[in-house]
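Structure first, then comments.
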Amino acid sequence: MSIIKADTHPLDRYLRTERLPHVWCPGCGIGTVLGAYLRAMEKIGMDPEKSIMVSGIGCTGRAAGYVRMDSFHTTHGRAIPFAVGLKAARPDLNVTVFSGDGDLFAIGGNHIIHAARRNANITVVAINNFTYGMTGGQLAPTTPETGITTTSPYGNVESPFNLAGLIAVAGASYVARWTSLHVRRLEKSLEKALKKRGFSFVEVLSQCPTAYGRRNRMRDPVDTLKYFQKYAVVKNHVNPLEGVIEPNKPFVVGEFLDAPEEPTFEDKLWELTKAEFLHTSQAERSEWIIEHRRHLEVLSRIISGKGGEE
Amino acid sequence: MATESNTEKLLERSGLSLPRGEVYLIEDRCKGCGLCIAFCPKHVLVVSDKFNKKGYHPPELVEEEPVNVCINCGFCERICPEFAIFVKEKKEE
Amino acid sequence: MSKDILVGDHFLSGDVAAAEGAIAAGCRFFAGYPITPSSEVAERMARRLPEVGGIFIQMEDELASMAAILGASWGGRKAMTATSGPGFSLMMENYGLGIMTETPVVIVNVQRAGPSTGLPTLLGQGDVMQARWGTHGSYQAIALSPESPQECFDMTIKAFNLAERFRQPVILLMDESVGHLFERVTIPPKEEIEIVNRKILKDKNRKIYEPDEDLVPPMPPIGEGFGIHVTGLTHDERGYPSINAETQERMIGRINDKIRKYADEIVDYEEFMVDDAEVIVVAYGITARSARRAVIMARENGIKAGLFRLKVIWPFPSKRLEELSDREFVVAEVNNGQALVEVERAIKKRAVFVGKMGGEPHKPQEILKGIEEAVK
Amino acid sequence: MARLELQIGGFGGQGVILAGLVIARALSLYDKKEAVFTQAYGPEARGGASSSGVVIDDERVDYPYPLNPDILVIMSQEAYSTYFPRLKEGGTLIIEKNLVKMDKVPEKVGEFHSIPATKIAEELGNRIVANIIMVGFITKTTGIVSKESAKRAVLEMVPAKVRDLNEKAFETGYSYEEG
């Protein structure tokens with residue numbers, strides 16, 4: 001038997017096939033993660049016509065250009081506030097931000113923690129490839145200690161962010177971390193993230209053979225995936241602060257946080273516009289706000305790994 | 001991946017037959033990264049000698065019964081960053 | 001009574017009048033970050049937008065504010081932000097995205113004296129060139145400059161109309177003095193207010209950046225299956241990145257031409273006693289009010305002076321100034337000579353410059369001195 | 001009436017901003033005059049000094065700030081030093097009797113009035129209404145704004161729960177007999 005030649009792929013209806021092949025290097029994990037995202041969308045029956053993808057700048061930032069849905073490729077670091085504005089204006093649409101670690105956590109770091117704090121009802125897929133790929137492999141806020149990049153040629157002396165931990169404590173409703181090897185679990189996780197009302201965040205560790213792997217003994221994309229296979233420990237609902245990633249040591253992947261659903265930022269913004277809300281007294285309005293506030297003590301229990309049950 | 005081989009063992013023990021798959025490839029989307037080959041749990045794929053339009057070596061199938069047969073697990077389809085390879089369940093003739 | 005247009009006479013500050021103008025224009029989304037002397041715009045919007053079904057968000061910074069209003073505009077809402085110098089600098093990044101993606105929004109910049117933090121509570125007019133050239137690349141800016149709360153109201157409506165018509169961010173270039181002074185503002189009934197709305201793309205087969213005859217492409221709605229792609233990269237008519245000189249020439253050429261083609265229509269100025277004037281003072285914003293007094297004082301002293309007030313600063317009324325170039329010119333502004341450059345370019349000679357570094361408006365006497373110097 | 005300038009100076013907390021705003025609003029909206037209200041700033045804005053300006057005209061006001069006030073209302077000694085030199089020759093000077101000390105009324109003053117607004121306010125129960133007492137007094141002594149308009153503006157601009165107190169303050173200031 002031989003491989004059967006095909007012209008179309010099962011995910012083609014979600015893709016701007018006229019733009020394929022995409023710009024990503026051979027073996028880059030972004031395409032894999034994008035595939036997982038589209039399968040998750042398909043699985044939960046999310047209508048692509050009612051779905052928006054917003055990206056920032058960088059390799060992952062190009063994702064918005066390949067999906068057959070309304071998509072925005074914005075400025076460096078600003079995908080989140082663009083998406084927050086869009087979602088607030090159009091809460092009827094599903095809004096996903098699909099971008100990279102540098103875009104979301106270096107130049108855009110302030111925006112993502114605020115979007116999580118507000119519990120904006122958007123899904124953020126953050127591909128963490130430990131470097132700036134598009135500009136040639138420079139130091140990122142996620143580059144592991146000792147990591148060699150073009151701007152840390154002697155080894156990285158900085159400590160990287162623990163993205164999942166950071167976003168969990170900032171106030172997100174759903175937080176998970178997977179790798180580009182854990183495709184099935186990633187897909188399941190993305191299904192949950194997309195369905196979750198509130199700020200949902202999925203970090204995906206991924207390989208950048210060209211810009212990062214090449215300088216860090218993982219020249220072949222397979223090398224990075226083998227690394228993930230060796231060191232990733234699947235654990236659900238651990239304390240997100242235990243999610244620190246150190247070179248050549250086991251690191252946690254899994255679902256860090258799945259908080260009970262609460263009114264989202266947009267729910268509250270739109271409530272303000274209702275006549276019945278505006279015409280109540282200030283005391284009654286305060287009461288409504290308190291009633292619909294985030295259950296921070298529950299969130300804090302979940303975050304501390306003690307579970308969310310009463 | 002570990003999950004797949006466990007499933008396989010379980011199925012074997014229970015006497016059920018594994019599903020069989022057919023592998024499809026959009027050859028010119030392939031960038032020859034080798035992820036499908038490296039991570040196919042049944043090792044049914046190898047690098048081919050031929051070049052596609054972009055000069056990459058796409059994978060080819062080496063089905064050698066009874067070990068190296070496609071079980072329609074879909075991992076190659078999922079790991080492929082290029083939307084190039086996919087599998088379909090093989091219907092029994 | 002409908003809350004969206006507060007018909008009647010009000011005694012408002014320029015900042016508050018601009019907010020009311022926005023609401024009258026149909027603005028239903030505001031994202032901003034507090035900064036003196038523009039905070040009153042945000043405060044008014046925070047109070048008023050929910051009353052009219054609008055959304056107000058105080059963002060984490062000005063970068064985010066600008067990004068959020070672009071997102072909201074693509075979401076189909078008329079959107080605005082308000083800021084002052086330091087925030088305006090931060091907004092330049094996504095102002096550029098707004099130009100590139102042809103997104104209608106309004107940016108209110110209540111100018112204070114800079115550079116940097118400068119004089120937070122005090123007057124400046126030093127953002128004129130930043131309003132023209134603040135973001136990188138080649139483009140045509142539209143910036144309006146009101147001199148009174150009434151004009152803050154009227155011109156905010158006009159700014160929205162221009163933004164929607166030309167699909168581009170429009171700047172309302174106020175200044176601290178105009179923003180903070182109170183005066184009567186007459187809000188006319190709804191039917192007397194001209195409102196322009198963006199053209200909406202209806203044909204799903206048409207490329208999203210394919211322009212009409214006016215060089216402006218109709219704006220596609222989102223969430224309706226158009227499958228649009230919008231990028232800050234140079235893009236072709238489909239909206240797809242097209243990184244080459246040919247597309248750059250064609251697309252950026254059009255983005256410039258759509259404004260250039262109608263520049264004469266956009267240009268707006270007021271001539272006060274200009275007809276027989278021997279010397280003309282060019283001024284805008286609060287400085288125009290000092291200049292008007294100076295012109296009257298000059299006339300009392302027997303000097304035939306006039307005022308040429310820039311109501312729209314960008315595009316610049318070079319054509320009209322060139323026609324007047326047989327007169328003597330004085331330029332007064334609270335900066336080191338920004339409109340001056342454009343005036344001298346138009347009249348092809350030097351003008352007497354009466355500048356101030358900021359902190360307070362010109363005393364009429366200061367401009368009068370300039371007038372006297374010009375006729376010497 | 002040609003251009004007429006009113007300036008009120010005092011220190012922060014006396015409500016000189018509200019006093020100016022009330023008068024300007026009354027003039028603009030109810031007396032249908034052209035009026036501009038500004039908060040004066042400059043070096044005197046430091047050290048807690050505070051001042052508001054109202055410029056009135058039959059036609060649209062051009063330069064909106066007082067240059068040489070026709071009427072100067074002074075509620076602190078510091079404001080007196082700052083603003084008095086700007087008073088127009090023959091202009092009207094109104095002072096807070098207990099807070100501004102002067103040996104004799106300077107020569108350039110054409111018309112002079114004084115009122116112990118803060119003390120009266122304290123007698124009414126809250127020194128915070130000293131500014132509204134001053135508004136009533138300005139209304140009566142200068143005649144630049146009609147009583148109905150000024151009172152209407154006061155009542156519109158103060159919180160509902162202190163409306164009665166402010167109305168009383170305005171009336172008290174309006175009917176104050178200098179002596």
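So that the names make sense, note that chain A is the first sequence line, chain B the second, and so on, each numbered from 1.
Taking a cutoff of 4.0 Å between a charged side-chain nitrogen and a carboxylate oxygen, C:R320 and C:E271 qualify as a salt bridge.
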(message) Does D:Y30 form a side chain to side chain donor-acceptor pair (under 3.5 Å) with D:E156? I'd like the steps, not just the answer.
(response) CA-CA 12 Å; D:Y30 314 127; D:E156 275 174 0; 2.4 Å; yes

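For a residue to count as touching a neighbouring chain, one of its non-hydrogen atoms must lie under 4.5 Å from one of that chain's; by this rule D:L21 touches chain C with backbone and side chain alike. Using a 4.5 Å cut-off between heavy atoms, C:L119 makes no contact with chain D at all. Both the backbone and the side chain of D:V61 come within contact range of chain C, with heavy atoms under 4.5 Å apart.
Among the candidates D:T38, D:L67, D:V36, the residue making the largest number of heavy-atom pairs closer than 4.5 Å to chain C is D:V36. Contacts with chain D were tallied for C:R184, C:H180, C:E147; C:R184 has the most, counting heavy-atom pairs under 4.5 Å. Here D:A35 is the residue among D:A35, D:A153, D:G53 with the most heavy-atom pairs under 4.5 Å with chain C.
Stacking of C:K311 on the aromatic ring of C:Y284 is not recorded, the 6.0 Å distance cut-off and the 45° axial limit not both being met.
Of the options D:V54, D:T92, D:L4, D:T139, a side-chain contact (heavy atoms from CB on, under 4.5 Å) to D:I144 is made by D:L4 and by none of the others. Residue D:D62 forms a salt bridge (charged side-chain N to carboxylate O under 4.0 Å, His left out) with just one option from C:R309, C:R292, C:R293, and that option is C:R293.
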